[in-house]
S.K.: 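Mind having a look at this structure? Questions to follow.
Computed from a predicted model, the values in this text were never measured in an experiment.
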Amino acid sequence: MSVTVRFCGAAHTVTGSCYLVRTDAGHLLIDCGLFQGQKTLKELNYGVFPFHPSDIDAVLLTHAHIDHSGLLPKLVKEGFRGRILATRGTIDLCSYMLPDAGSIQEQEVLALNRRNATRGRADVTPIYTQADAVAAMRAFQAIDYETWTDVIPGVRARYWNAGHLLGSASIEIEIAGEGRGGASLRLLASGDIGPDAKLLQPDPQAPAGFDYVISESTYGDRIRERTTPELRRERLAAEVRDAAAADGALLIPAFAVERTQELIVDLVALMELGAIPPAPIFLDSPLAIRATEVFRQHAASLDTSVDVSRLLASPHLHFTETVDESKSIARLTGFHIIIAASGMCDAGRIRHHLKRWLWNNHATVLLVGYQAHGTLGRFLQDGVKAVRIQGEEIKVAARIRTLDDYSGHADGGEIARWISARRPVARGLFLVHGEDAAISGLAARVAERILPSAKLFEPLLDDVYELTTAVPTPLDVAHRRRLAPEAVTRLDWHNEMSELMLDINARIEQAADDRARGVIVRRLRRALAD
């Protein structure tokens with residue numbers, strides 16, 4: 001009997017989560033997510049899958065976030081005919097998130113094709129459309145937490161609340177009989193693990209005793225300052241008061257699902273208590289507006305100590321769903337709060353608000369979630385002095401602030417404790433869904449006192465391991481790699497090009513006179529001629 005796992009995404013990066021498990025009886029995917037960040041990675045979304053979609057018998061979906069679910073419509077469009085197993089909360093969120101993703105792709109491709117026409121370039125097509133996403137929802141099947149479900153012959157799965165997001169799960173997989181009379185192979189895929197003191201979610205749950213664990217490591221190298229609901233609100237209040245004192249907009253690039261709802265609940269509560277000045281809060285994201293309604297519907301399954309429904313209906317909160325409503329926000333002056341997607345500033349309406357406010361020293365940008373390598377949010381977090389948005393250079397004069405308390409991910413210590421509670425882990429721990437430093441940091445923490453380093457594995461994109469051996473055995477897949485390992489972890493030429501253009505403009509502006517500027521231009525021309 002052979003059982004293999006191929007790491008088709010989220011390997012030394014935090015997006016594109018997708019793991020292909022092959023058994024003698026069939027093939028299943030754990031997640032099928034969209035790649036985000038640098039263009040080299042995002043181009044994988046347009047390419048062929050590293051498997052035939054028609055060969056996949058089932059998908060086990062951990063949760064609704066686009067980096068875990070975002071390529072499911074493409075999978076269905078290209079021939080997948082099996083079931084997508086997910087919790088009811090995940091299905092309800094995906095019913096809005098996936099069509100929204102398809103609509104965004106259609107809009108972005110429409111704008112790109114207009115530019116391509118003026119440049120004499122060929123049209124491109126979206127990865128999938130809104131209609132494709134709606135059609136894909138027919139493949140979803142709801143399952144309950146902590147209940148065994150048969151997936152394919154000889155394979156069953158059980159979902160455990162991961163404490164990360166409404167409907168999120170860690171997935172326990174049991175593969176029967178490694179050979180005649182053999183014991184079952186037990187595997188646990190963590191999904192994304194929620195932190196301690198999460199506002200709306202319980203602590204993560206899962207059983208112990210596995211052959212293999214596939215664990216996320218997003219914040220594996222970081223230990224956050226201790227937090228409680230009270231401390232989190234105090235820190236948010238301090239950031240809001242500083243932004244109000246500057247008398248400009250407070251822009252919060254927020255992930256549309258859960259992060260946004262948590263922020264709204266705390267902002268409204270702080271205004272009601274008088275801890276921050278009252279101000280209009282604009283939720284400028286059609287997806288976040290719809291997701292907020294899903295949270296209202298599931299309020300009974302969330303933290304019962306928080307009156308979610310009342311707080312989400314506050315008169316301070318204004319929904320701006322249409323484009324015209326969104327544009328009208330730009331006419332405001334003075335202190336106001338804008339929450340808009342995307343959380344990494346990579347797409348959506350937040351980019352328009354950043355163009356409007358980034359150059360203004362009265363504005364504040366508050367980053368409240370993970371900023372992936374190569375995203376605009378990451379460049380702002382790293383302190384760049386200028387950025388390019390939709391082809392325009394924007395100087396960064398606004399205050400850029402980061403608040404980790406709203407992260408949906410456990411930090412290094414919390415993940416390590418979660419891994420420790422899964423012991424014994426007989427054969428191997430795979431560390432995924434993290435950048436190089438995060439994986440290395442978590443590996444060092446785990447090897448120090450939880451598992452020996454011989455049981456720790458850090459798979460690269462498209463690595464394949466045989467799981468029926470005493471320890472996971474890597475198989476030769478060098479010829480199948482879609483990207484060289486360094487292309488996943490380093491800034492790509494698109495990022496370098498943007499940085500170069502900004503540096504050239506800055507150098508020319510700093511030149512003493514036109515003669516000095518001419519010297520710079522001639523040097524550049526000579527460099528291009530070499």
S.K.: Which ring pair (Phe, Tyr, Trp, His ring centres under 6.0 Å) pairs, counting each pair once, include a residue from residues 141-163, with sequence neighbours left out?
M.R.: none

S.K.: By side chain to side chain contact (heavy atoms under 4.5 Å, CB included), which residues pair with Ala447, not counting sequence neighbours?
M.R.: Ser453, Leu456

S.K.: Determine whether the aromatic ring centres of residues Tyr465 and Phe430 are separated by less than 6.0 angstrom.
M.R.: yes

S.K.: Please name all residues satisfying salt bridge (Lys or Arg N to Asp or Glu O under 4.0 Å) with Lys455, sequence neighbours left out, ordered by chain then number.
M.R.: none

S.K.: Is there a donor-acceptor pair closer than 3.5 Å between any side-chain N or O of His164 and the backbone N or O of Gly408?
M.R.: yes

S.K.: Does anything in residues 19-34 form a salt bridge (charged side-chain N to carboxylate O under 4.0 Å, His left out)? List the pairs, not counting sequence neighbours.
M.R.: none

S.K.: Among all residues two or more places apart in sequence or in another chain, which pass the ring-ring contact (aromatic ring centres under 6.0 Å, His included) test with Phe49?
M.R.: Phe51

S.K.: Taking C-beta and beyond as the side chain, do Thr260 and Ser285 meet within less than 4.5 Å on heavy atoms?
M.R.: no

S.K.: List the residues meeting salt bridge (Lys or Arg N to Asp or Glu O under 4.0 Å) with Asp404, not counting sequence neighbours, and say none if there are none.
M.R.: Arg222

S.K.: So Leu467 and Ile175, do their side chains get closer than 4.5 Å, heavy atoms only?
M.R.: no

S.K.: List the residues meeting salt bridge (Lys or Arg N to Asp or Glu O under 4.0 Å) with Arg422, not counting sequence neighbours, and say none if there are none.
M.R.: none

S.K.: Checking Leu460 now: which residues fulfil side chain to side chain contact (heavy atoms under 4.5 Å, CB included) with it, not counting sequence neighbours?
M.R.: His12, Asp463, Arg481, Pro485

S.K.: According to the salt bridge (charged side-chain N to carboxylate O under 4.0 Å, His left out) rule, which pairs have a member within residues 65-91, sequence neighbours left out?
M.R.: Lys77-Asp132, Arg88-Asp92

S.K.: Strictly by salt bridge (charged side-chain N to carboxylate O under 4.0 Å, His left out), give each pair with a member in residues 153-174 just once, sequence neighbours left out.
M.R.: Arg156-Glu174, Arg158-Glu172, Glu172-Arg186, Glu174-Arg186

S.K.: Would you say that Ser168 contacts Asp192 through its side chain, given a criterion of any heavy-atom pair below 4.5 Å between the two side chains?
M.R.: no

S.K.: Answer whether the closest heavy-atom distance between the side chains of Thr15 and Leu34 falls below 4.5 Å.
M.R.: no

S.K.: Could you pull out the closest heavy-atom pair between Cys94 and Pro99, with the gap in Å?
M.R.: O-CD, 3.4 Å

S.K.: How about Tyr212 and Val5: do any of their side-chain heavy atoms sit closer than 4.5 Å?
M.R.: no

S.K.: Arg224: which residues meet the salt bridge (Lys or Arg N to Asp or Glu O under 4.0 Å) condition with it, sequence neighbours left out?
M.R.: Glu414

S.K.: Would you say Arg423 has more than 12 foreign heavy atoms packed within less than 6.0 Å of its CZ?
M.R.: yes

S.K.: Met137 versus Ile91: any side-chain heavy-atom pair under 4.5 Å?
M.R.: yes

S.K.: How are the rings of His409 and Tyr219 set to each other: parallel, tilted or perpendicular (split at 30° and 60°)?
M.R.: perpendicular

S.K.: Applying ring-ring contact (aromatic ring centres under 6.0 Å, His included), can you list everything that pairs with Phe35, at least two apart in sequence or on another chain?
M.R.: none

S.K.: Among Val76, Leu75, Ile30, exactly one meets side chain to side chain contact (heavy atoms under 4.5 Å, CB included) together with Val59. Which residue is that?
M.R.: Leu75

S.K.: Kindly state whether the ring of His27 and the ring of His52 have centres lying under 6.0 angstrom apart.
M.R.: no

